[in-house]
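Below: the structure, in structure tokens.
All values reported here derive from a predicted model rather than from experimental measurement.
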Amino acid sequence: HWEIWNEPDLTSGATSAVSPTWGGAWEDYYRLYTVTAKAIKARFPDLNVGGPAMTGGGVASQFLAGFLAHCRQHNAPLDFCSWHHYTSEPREIIDLSAQVRRLLDAYGFAQTISVLDEWNYIPPAMDWRALFGAANPREQRRLAQEIAGPAGAAYDAATLLFMQDCPIDIATFYLADALPYFS
């Protein structure tokens, strides 16, 4: 699987607001994906090519619909559609997986597989800045302990059970144990 980029939906859409993962507008990513996917498939037709490794918000926003419309309009290959989601509510993954499948089908990508390639437990009402260095080390340790503790384990078990009946073809638990969280 060759995934093209990571979380390009974190920008504001029509503008080129800089995000930690993508510095252009959504249309810029759509064009990058199309050119890259076609080039990979032309040289290596048996490889699986996909993306966009969008956030859960990208699934629920206009980003995915715009991406799929662009792929269809420009005949871009899309073997898999990848997405990420971090939450304390397993139900959100169930709902998002159904949204992804509905959109793939609606835009003519019924054979495209759905890949949840980043998921993990996030404590309720967690401040993301606490994970990325804005909080003190004590708060980071507390969050890491909650994620790796009983609440995280219960979430993981429930989510795995729920995913058995979801339209998710591949799911990859994101441990990120080299980081100060998700360990």
Side-chain angles (χ1 to χ4, degrees), residues 1-87 92-120 122 128-129 131-134 163 166-179 181-182:
H1 288 81
W2 286 82
E3 184 174 65
I4 300 171
W5 215 263
N6 183 56
E7 299 180 349
D9 59 305
L10 288 179
T11 62
S12 60
T15 66
S16 58
V18 176
S19 82
T21 58
W22 180 254
W26 290 352
E27 278 294 325
D28 297 332
Y29 171 75
Y30 302 161
R31 285 190 299 276
L32 171 81
Y33 176 86
T34 298
V35 169
T36 305
K38 286 181 175 183
I40 291 170
K41 282 295 206 178
R43 178 69 175 94
F44 305 102
D46 294 332
L47 291 180
N48 289 318
V49 177
M54 69 202 136
T55 63
V59 173
S61 76
Q62 298 171 349
F63 178 85
L64 181 56
F67 173 70
L68 295 174
H70 184 91
C71 287
R72 185 179 65 192
Q73 179 183 3
H74 297 279
N75 201 29
L78 185 64
D79 298 314
F80 65 92
C81 179
S82 56
W83 51 287
H84 308 157
H85 198 60
Y86 299 91
T87 181
E92 289 179 19
I93 287 181
I94 296 165
D95 295 343
L96 289 173
S97 69
Q99 287 178 8
V100 170
R101 183 77 266 154
R102 275 192 304 275
L103 283 169
L104 286 169
D105 293 349
Y107 282 91
F109 294 98
Q111 301 304 310
T112 298
I113 65 173
S114 177
V115 178
L116 173 56
D117 63 357
E118 281 188 30
W119 70 275
N120 201 327
I122 291 293
W128 278 91
R129 292 172 299 176
L131 290 182
F132 295 105
M163 279 195 280
C166 290
I168 297 171
D169 299 294
I170 297 172
T172 306
F173 183 76
Y174 191 70
L175 183 59
D177 57 357
L179 301 172
Y181 47 94
F182 299 134

> Can you check whether L116 reaches V100 side chain to side chain, under 4.5 Å on heavy atoms?
Replying inline: no
> Looking at side-chain heavy atoms only, is the closest gap between W26 and S61 below 4.5 Å?
Replying inline: yes
> So, for Y29 and W22, is the gap between ring centers shorter than 6.0 Å?
Replying inline: yes
Roughly how far apart are [X] [atom1] and [Y] [atom2], rounded to 0.5 Å?
X    : Y    : atom1 : atom2 : result
H74  : T34  : NE2   : OG1   : 6.0 Å
W119 : E92  : CH2   : CD    : 13.5 Å
L10  : T55  : CG    : OG1   : 5.0 Å
T36  : I4   : OG1   : CD1   : 5.0 Å
H70  : L78  : NE2   : CG    : 11.5 Å
C81  : F109 : SG    : CZ    : 9.5 Å

> Do you know the tightest heavy-atom contact between K38 and P77?
Replying inline: CG-CD, 3.9 Å
>> Considering only residues two or more places apart or on different chains, which pairs with a residue in residues 72-82 satisfy salt bridge (charged side-chain N to carboxylate O under 4.0 Å, His left out)?
In response: K41-D79
>> According to side-chain hydrogen bond (donor to acceptor under 3.5 Å, both in side chains), does anything in residues 99-116 pair up with another residue at least two apart or in another chain? List the pairs.
In response: W83-S114, R101-D105
Who passes side-chain contact (heavy atoms from CB on, under 4.5 Å) against [X], sequence neighbours left out?
X    : value
E3   : A53, F80, S82, D117
I170 : H1, I113, V115, T172
E118 : N6, E7, H84, Y86, Y174

>> Tell me which pairs pass ring-ring contact (aromatic ring centres under 6.0 Å, His included) where either residue lies in residues 31-57, with sequence neighbours left out.
In response: Y33-F67
